[in-house]
Amino acid sequence: MNSLVIGLVVSTIAYFVASHYIKRYLDEAGISKSMPRSLVIFVLAVAISYGVAFIVDWVAGLLG
């Protein structure tokens, strides 16, 4: 149960951090703000979040 909560919290934090850095990167690259850009940010941030959740679950499985 604890690993589920920890995974949820860490992956949520990872989502917001990833979306922030992806937005900054796209701003510096000069990509205009549009719906496809928002979709790219969302998809990449969700993928990173899922990856972090998987790693947290994997580590919890090794330790527990």
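Cluster annotation: Val10 and Leu63 are assigned to distinct hydrophobic clusters (Ile/Leu/Val/Met/Phe/Trp/Tyr, side-chain heavy-atom contacts under 4.5 Å, transitive). There is a path of hydrophobic side-chain contacts, each under 4.5 Å, that joins Tyr50 to Val43. Under the 4.5 Å side-chain heavy-atom criterion for Ile, Leu, Val, Met, Phe, Trp and Tyr, Val40 and Met35 are members of distinct hydrophobic clusters. Leu26 and Leu39 sit in two unconnected hydrophobic clusters of ILVMFWY residues. Membership requires side-chain heavy atoms under 4.5 Å apart, directly or through other members. Under a hydrophobic-cluster definition in which Ile, Leu, Val, Met, Phe, Trp and Tyr are linked whenever side-chain heavy atoms come within less than 4.5 Å, directly or via other members, Ile31 and Ile41 are assigned to the same cluster.
Annotation: side-chain contact (heavy atoms from CB on, under 4.5 Å) contacts of Leu8 (sequence neighbours excluded): Thr12. A search for side-chain contact (heavy atoms from CB on, under 4.5 Å) contacts involving Phe54 returns nothing, not counting sequence neighbours. The side-chain contact (heavy atoms from CB on, under 4.5 Å) test applied to Val17 returns Ile13, Tyr21, not counting sequence neighbours. Looking at residues two or more places apart in sequence or on another chain, you find a side-chain contact (heavy atoms from CB on, under 4.5 Å) between Ala45 and Tyr15, Ala18, Ser19. Residues passing the side chain to side chain donor-acceptor pair (under 3.5 Å) test with Asp57, sequence neighbours excluded: none.
Counting only residues at least two apart or in different chains, side-chain hydrogen bond (donor to acceptor under 3.5 Å, both in side chains) contacts with residues 36-47 comprise Asp27-Arg37.
The structure places NZ of Lys23 at 14.5 Å from CD of Glu28, a figure rounded to the nearest 0.5 Å. From Ile22, atom CD1 reaches atom CG of Leu44 across 4.5 Å, with rounding to the nearest 0.5 Å. In this structure, Ser11 OG and Phe16 CZ are separated by 10.5 Å, a value rounded to the nearest 0.5 Å. The distance from the OH atom of Tyr25 to the NE2 atom of His20 is 15.5 Å, given to the nearest 0.5 Å.
Across Ala14 and Val52, no two heavy atoms sit closer than the pair CB-CG2, 3.8 Å. Nearest heavy atoms, Ala53 versus Gly7: CB-O, 4.4 Å.
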